[in-house]
Amino acid sequence: MAAMEVLMRASSAIVPSPFIPTSKTQFHKPIFHNIPSKPVFKSSFNRNPSKSRLFTALSSSPTTESVEPPLPEVEIESGKERFDWYSQWYPVMPVCDLDKTKPQGKRILGIDLVVWWDRNEDEWKVFDDMCPHRLAPLSEGRIDQWGRLQCVYHGWCFGGNGDCKLIPQAPSDGPPVHTFKKACVAVYPSTVQHDIVWVWPNADPQYKDIITKKKPPYFPALDDPSYTKLMGNRDIPYGYDVLIENLMDPAHVPYAHYGLMRTRTPTVKVDREGGRPLETRVKKLDVNGYAATQEGSNMKFFAPCIFHAFAGSDTDTDPEVDPGNGSATSSESQKAPPPKRSLSLIFMCVPVSPGNSRLIWTFPRNFGVWIDKIVPRWMFHIGQNLILDSDLYLLHVEERKIMEIGSTNWQKICFVPTKSDALVVGFRRWLNKYAGGEIDWKGKFSGALPPTPPREQLMDRYWTHVVNCKSCRTAYKGLNALEVLLQIVSVISIGIVAAVKQNMMLMAARTAIVSAAIVCFAASKWLAHFIYKTFHYHDYNHAFV
């Protein structure tokens, strides 16, 4: 249970407070870090003393036992297996937050994509967000009356296969220039799984039917009708590697999210927040990711995007990576009935561009399902966004410090002597061994991070979440309308009192109307403040919590 509680707040654990597990609750599979006192991966990798080494951290506090590193030294080497960032499935957006009536732009791995609903084929399509005519963004276009994607710069129209259907400027009696290959738009393989649109970021024709050979990771709970699985998404102003490390780090929760998340009270408190040693062990690290255990809980990193935390053995209901094609498959033990109370945390971390990432989260559970049916989704996002905000600035600055020394030199400046850092160290090991220590951007970026904007802009919620979340967007419009209505009622009430002669209205009625006007005005002011803090900017001052 200790690991469960840590799990709920670690990883920037954005689980709404009503769902913090009790001692009877089981995670489908939690995975957090505690590094074993003895090195793991002893014989998994060949070592070359001539190569630079990484992760030589010592174990935690001094003891009478021999001091050993929480993880073995990691060599910066290419190895026989090289991780291909462009031969993987990436989550684009939850279907519930996409609009079938208009195209929407998204960026993954520095590639600008447009996602749109092809009603002629009844499926979501993902195209290159660039019209072949003059390179205008198709995401700013529209879906015409025949269900085609139309560029609004010159009206070129495209079908679901990327083929150009119409060039208005081409004469009808001239050559059919719309049939030329150069008039087509690149189409990326895509699929819908777990009510999420996924994309394969390689438009080469050889990958057209890649879904028949390799599928996105599969989680049975997300297709189980007895589970609830509200989803959320947010664009994050720091990179994919920092994001996924933060989600793998339970030790920061009592401090970075103090006052926002309940944590287990240790037997002996060393400080107000109640931080404590965490026993985490990393195992089974290969090109597809790695697994870890923490005090009876389990965690798995499915490269490159998914971090899954759950309870029980790692053969209960967690998908395993198929070494044959890299897709996630279910083990035979998945046929066993699930625990009576089950909760798992699934985080999907998408590399967008240097200094930018996207987080999609869902916490499937089979208890308290009725709550999600009566409480609007946007209300859960209030607390979840606040948790993300409470360490956002810290991580934004941290990333710039890492950039100054280079990601492959991470260990030279970061001192990670305790077992609570095992998952983070494991991720850096995976990144260095199989991906050369960095994301392959295909030369699209210089490597420099974007400048740091003012704090209010950095922690903006509207453009990073609200516009991309259907429930929050609807609530935002509704609450703004209510604010205006309250102001109108207040003005009208005062106007009535002023217009009606004093002897024509009872004093009690006049008092009641004035009181109502004051209440409406005050309510509108409070609502304006609530809207701003909920949907725009809510700072978190760590010095005064």
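- Ion pair Asp372/Arg365 flagged as a salt bridge, since at least one NZ, NE, NH1 or NH2 atom sits closer than 4.0 Å to an Asp/Glu carboxylate oxygen.
- Phe347 has its ring centre no less than 6.0 Å from the ring centre of Phe301.
- A donor atom on one side chain and an acceptor atom on the other are found under 3.5 Å apart for Trp361 and Gln384.
- His381 places no side-chain N or O within donor-acceptor distance of the main-chain N or O of Asn233, the cut-off being under 3.5 Å.
- In this structure, Pro450 and Asn356 have side chains that are in contact, with non-hydrogen atoms separated by less than 4.5 Å.
- Rounding to the nearest 0.5 Å gives a distance of 5.0 Å between CG of Leu278 and CD of Gln294.
- Contact annotation: the side chain of Trp441 approaches that of Pro351 to within less than 4.5 Å [non-hydrogen atoms, C-beta and beyond].
- Ion pair Arg82/Asp84 not flagged as a salt bridge, since none of the NZ, NE, NH1 or NH2 atoms sits closer than 4.0 Å to an Asp/Glu carboxylate oxygen.
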Val95 and Val197: CA distance, side-chain angles, deciding distance, side-chain contact (heavy atoms from CB on, under 4.5 Å) verdict: CA-CA 6 Å; Val95 171; Val197 175; 4.0 Å; yes

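- Counting only heavy atoms from C-beta outward, the side chains of Phe302 and Phe219 approach each other to under 4.5 Å.
- No side-chain heavy atom of Ile196 sits under 4.5 Å from any side-chain heavy atom of Val92.
- Nearest heavy atom pair, residue Asp97 against residue Ser471, reads OD1-N, 4.5 Å.
- Rounding to the nearest 0.5 angstrom, the gap separating the OH atom in Tyr238 from the NE2 atom in His396 is 11.0 Å.
- Under a 3.5 Å cut-off, the side chain of Lys214 and the backbone N or O of Ser87 do form a donor-acceptor pair.
- Minimum heavy-atom separation, Lys215 to Trp89: C-CD1, 3.6 Å.
- Residues Tyr393 and Asp539 bring no donor and acceptor atom of their side chains to less than 3.5 Å of each other.
- More than 12 heavy atoms of other residues, nucleotides or ligands sit less than 6.0 Å from atom NZ of Lys269.
- Summarising the geometry of Asn202 relative to Tyr188, their closest heavy-atom pair is N-CD2, 3.6 Å, with the distance given to 0.1 Å.
- The distance from atom CG of Asp195 to atom CE of Met93, rounded to the nearest 0.5 Å, is 13.5 Å.
- The two residues Val114 and Asp128 make their nearest non-hydrogen contact at CG1-O, 3.9 Å.
- Taking the six-membered ring for Trp and thresholds of 30 and 60 degrees, Tyr240 and Phe427 have ring planes more than 60 degrees apart, a perpendicular arrangement.
- The side-chain heavy atoms of Pro364 and Ile346, taken from C-beta on, include a pair separated by under 4.5 Å.
- Between the side chain of Gln88 and the main chain of Pro304, no donor-acceptor pair closer than 3.5 Å is present.
- Between Cys349 and Leu247, the closest heavy-atom pair is SG-CD1, 3.3 Å.
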Worked check of side-chain contact (heavy atoms from CB on, under 4.5 Å) between Tyr86 and Ile111: CA-CA 11 Å; Tyr86 296 85; Ile111 304 172; 3.9 Å; yes

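- Using a 4.0 Å cut-off between charged nitrogen and carboxylate oxygen, Asp241 and Arg428 count as a salt-bridge pair.
- Evaluation of the salt bridge (charged side-chain N to carboxylate O under 4.0 Å, His left out) test over residues 230-239, restricted to residues two or more places apart or in two chains, returns Arg234-Asp389, Asp235-Arg358.
- Checking side-chain atoms of His542 against main-chain N and O of Asp391 turns up no donor-acceptor pair under 3.5 Å.
- Between the CD1 atom in Ile244 and the OG atom in Ser357 there is a gap of 9.5 Å [rounded to 0.5 Å].
- Taking CD of Glu404 as the start and NZ of Lys401 as the end, the distance is 5.0 Å to the nearest 0.5 Å.
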side-chain contact (heavy atoms from CB on, under 4.5 Å) between Leu359 and Leu388, worked out: CA-CA 10 Å; Leu359 174 63; Leu388 287 173; 3.9 Å; yes

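- For Tyr540 and His538, the ring centers sit 6.0 Å or farther from each other.
- The line from CH2 of Trp198 to CD1 of Ile108 is 10.0 Å long, rounded to the nearest 0.5 Å.
- Smallest separation of non-hydrogen atoms from Pro91 and Ile360: CB-CD1, 3.9 Å.
- For Arg281 (side chain) and Ala422 (main-chain N/O), no donor-acceptor pair under 3.5 Å exists by modelled atom type.
- Side chains of Leu343 and Phe367 form a contact here, defined as non-hydrogen atoms less than 4.5 Å apart.
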Evaluation steps, side-chain contact (heavy atoms from CB on, under 4.5 Å), between His194 and Tyr218: CA-CA 8 Å; His194 300 323; Tyr218 178 78; 3.3 Å; yes

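- Without hydrogens or angle criteria, Asp112 side chain to Asp129 main chain gives no donor-acceptor distance under 3.5 Å.
- Judged purely by atom type and a 3.5 angstrom limit, Asp209 has no side-chain atom pairing as donor or acceptor with the backbone of Thr212.
- For Glu399 (side chain) and Pro354 (main-chain N/O), no donor-acceptor pair under 3.5 Å exists by modelled atom type.
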